[in-house]
Amino acid sequence: MHSFRYVGKELFCEEVPVSVLVKKHGTPLFVYSQATLSDHFTRLDSALAPLDHLICFAMKSNSNRAIIQTFAALGGGFDTVSAGEIQRAVAAGGDPSKCVFAGVGKTEEEIAYALKQGIYCFNVESEPELVRISRIAVKLKKIAPIAVRVNPNVDAHTHAKITTGTYDNKFGIQFENIEAVYARAAKLSNLRLRGLQMHIGSQLTEVNPFRQAVEKVSPLVVRLNNRHGFDFFSIGGGLGIVYQNALESGANGWWKTAAGKKILTPQTYADTLIPLLKPLGLKILLEPGRFLTGNAGALITRVEYIKKTGKKNFVIVDAAMNDLIRPAFYDSFHEIIPLVKKPGKLVSSDVVGPICESGDYFAKDRPLAKVTEGDHLVLLSAGAYGSVMGSNYNSRPLATEILVNGKRSAVVRRHQELTAIWGDESLAPWQK
Ligand code: LLP
């Protein structure tokens, strides 16, 4: 579902006119709908009800503590990728015993920290990491729960920078080598071989790659479970969302683009995978990120200038690639709509930020309602991999973030003071 919609000419997030938030908090501004967050979690959770399962929210997609708390309160666990993320999850009311810890480069300090916190499982990405975890567990007199991440070598048909399940990627251990790695792990001290994990890529809008991966890996899970006595199988994240025509898709029932193209729903995902997963008799873990947060967020920006060149109509806005890097980084499409609807013809426009890079754009040659200085535009589907990928490039402060719940709204990340940007820096002694 989608909680951004027009009432008359005005864009609302749930029951709050977004223009009221803009007036109060300025721009660039991230606005999140708690109803969408909860709705998406609950839809996925209910669709998977026939399975013993745990949704571990991939907090890399949006790690604001208010977002984490929302999922913790719904019983979610967390897919974390650093000690910082584990600490953040705990600080927001997350339960460490529902946290999995993934990533190819876990440091010794991070492993020790996670062990002391009592996390659910380490998702191990290499043999040297297994050895390292075992050594640290022995030293701390702990038993480390581990799952090896299998790379199933299945093409996820998604953007090259976000595909992870083929042998060209740095992730996981080759399918053919997995059993040997578990045999080796079984001989290492203080490890508990708790499950198997996989993740094939992000923004998958069809069910087939998921089905293929589960079909390919399930027999391996059965063999390993017989040998090592598993608790779980994690099928990773990757459920995609609608980016194009995102607003209409909200009105139409959020999984359908205005062009009528259906995208993968949690129900189809569950209906396809449950018959394959249920016979395993294991707990099933999932690690969705974008599906839970993507359509829950929007980035609001102010039009600063209109600059016409011989070729182009540039709409220069006050948000930039430091706020939302996805178009610059992946050529991603984000729907751009006016905060207040305007009548009139659409104008082909390039929406660009103020940063001194040609890559600092949000849209190219996009038909947009004609806007002028002081108008506001809204970039939809900015809840996932938006604020979390933000930076202070060009000494620009991180954007304010607002959480909406019905008629209520609250600042969940205050506007960053400029001095906070350089607050951790210092001059060298010889410069003083
Ligand atoms: N599990 C693992 C092991 C992952 O690597 C990821 C995402 C997820 C779960 C969550 O994937 P999701 O459900 O959100 O698709 N910054 C990029 C996406 C990077 C995804 C990285 N890994 C973007 O903006 O599209």
Side-chain angles (χ1 to χ4, degrees), residues 1-2 35-58 61 71 74-77 79 150 152 154-158 162-165 195-222 225 230-246 249-296 381 384:
M1 88 178 215
H2 209 304
T36 305
L37 296 170
S38 304
D39 177 81
H40 284 201
F41 185 96
T42 312
R43 271 177 201 261
L44 191 57
D45 209 28
S46 331
L48 292 161
L51 292 175
D52 175 17
H53 69 275
L54 177 66
I55 297 179
C56 293
F57 166 54
S61 74
F71 296 128
L74 291 167
D79 165 32
V150 57
V154 167
D155 187 354
H157 301 294
T158 186
I162 53 178
T163 184
T164 50
L196 183 78
Q197 197 267 350
M198 69 174 182
H199 171 77
I200 55 174
S202 199
Q203 182 54 13
L204 272 62
T205 53
E206 286 172 10
V207 81
N208 258 341
F210 289 115
R211 187 208 321 257
Q212 279 168 13
V214 170
E215 277 174 347
K216 181 166 180 186
V217 173
S218 288
L220 178 66
V221 174
V222 172
N225 183 25
F230 278 176
D231 292 327
F232 78 96
F233 173 34
S234 169
I235 57 172
L239 270 164
I241 59 165
V242 172
Y243 279 101
Q244 214 143 355
N245 297 313
S249 83
N252 292 348
W254 74 267
W255 58 84
K256 222 179 199 179
T257 67
K261 191 179 177 300
K262 278 200 177 156
I263 100 154
L264 181 55
T265 64
Q267 199 58 55
T268 307
Y269 176 78
D271 291 348
T272 310
L273 300 185
I274 288 172
L276 304 172
L277 295 170
K278 184 104 184 152
L280 298 175
L282 294 170
K283 192 182 192 77
I284 301 300
L285 260 60
L286 294 92
E287 303 165 354
R290 186 189 321 261
F291 173 76
L292 297 179
T293 52
N295 282 334
S381 315

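The shown structure was predicted, so the numbers you read here are calculated from the model rather than taken from an experiment. All values below were derived from every heavy atom in this structure, side-chain atoms included, with hydrogens, water molecules and symmetry-related copies excluded.
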Report yes if some heavy atom in the side chain of [X] is under 4.5 Å from a heavy atom in the side chain of [Y]; otherwise report no.
{"X": "F233", "Y": "L277", "result": "yes"}
{"X": "L292", "Y": "L37", "result": "no"}
{"X": "K283", "Y": "D231", "result": "no"}
{"X": "L204", "Y": "L264", "result": "no"}
{"X": "L48", "Y": "I284", "result": "no"}
{"X": "I55", "Y": "F291", "result": "no"}
{"X": "K278", "Y": "L51", "result": "yes"}
{"X": "T36", "Y": "H40", "result": "yes"}

Let me confirm one number: the [atom1]-[atom2] distance from [X] to [Y], rounded to the nearest 0.5 Å.
{"X": "D79", "Y": "H199", "atom1": "CG", "atom2": "NE2", "result": "8.5 Å"}
{"X": "Q203", "Y": "I241", "atom1": "CD", "atom2": "CD1", "result": "6.0 Å"}
{"X": "T268", "Y": "E206", "atom1": "OG1", "atom2": "CD", "result": "11.5 Å"}
{"X": "I263", "Y": "Y243", "atom1": "CD1", "atom2": "OH", "result": "9.5 Å"}
{"X": "L285", "Y": "D52", "atom1": "CG", "atom2": "CG", "result": "9.5 Å"}

Search all heavy atoms of [X] against all heavy atoms of [Y] and return the closest pair with its distance.
{"X": "S381", "Y": "N295", "value": "OG-OD1, 2.8 Å"}
{"X": "A270", "Y": "A47", "value": "CB-O, 3.3 Å"}
{"X": "S61", "Y": "T293", "value": "OG-OG1, 3.1 Å"}
{"X": "A213", "Y": "P152", "value": "CB-CG, 4.4 Å"}

_Partners passing ring-ring contact (aromatic ring centres under 6.0 Å, His included) against F232 (at least two apart in sequence or in another chain)_ = Y120
*Hey, does the side chain of N225 reach the backbone of F230 with a donor-acceptor pair shorter than 3.5 angstrom?*
yes
*Sub-3.5 Å donor-acceptor pair from the side chain of K216 to the main-chain atoms of V154, do we have one?*
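Side chain of K216 to backbone of V154, a donor-acceptor pair under 3.5 Å: no, none is there.
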Going by the rule side chain to side chain donor-acceptor pair (under 3.5 Å), which residues pair with [X] if we only count those two or more places apart in sequence or in a different chain?
{"X": "E287", "result": "N123, Q197, S234"}
{"X": "D45", "result": "H53"}
{"X": "S46", "result": "none"}

*By side chain to side chain contact (heavy atoms under 4.5 Å, CB included), which residues pair with L74, not counting sequence neighbours?*
S38, F41, F71
*Before giving the answer on side chain to side chain contact (heavy atoms under 4.5 Å, CB included), spell out for F210 and T272 the whole-Å C-alpha distance, their side-chain angles and the decisive distance to 0.1 Å.*
CA-CA 9 Å; F210 289 115; T272 310; over 6 Å; no
*Could you list the residues that satisfy salt bridge (charged side-chain N to carboxylate O under 4.0 Å, His left out) with D271, not counting sequence neighbours?*
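Expected list: none.
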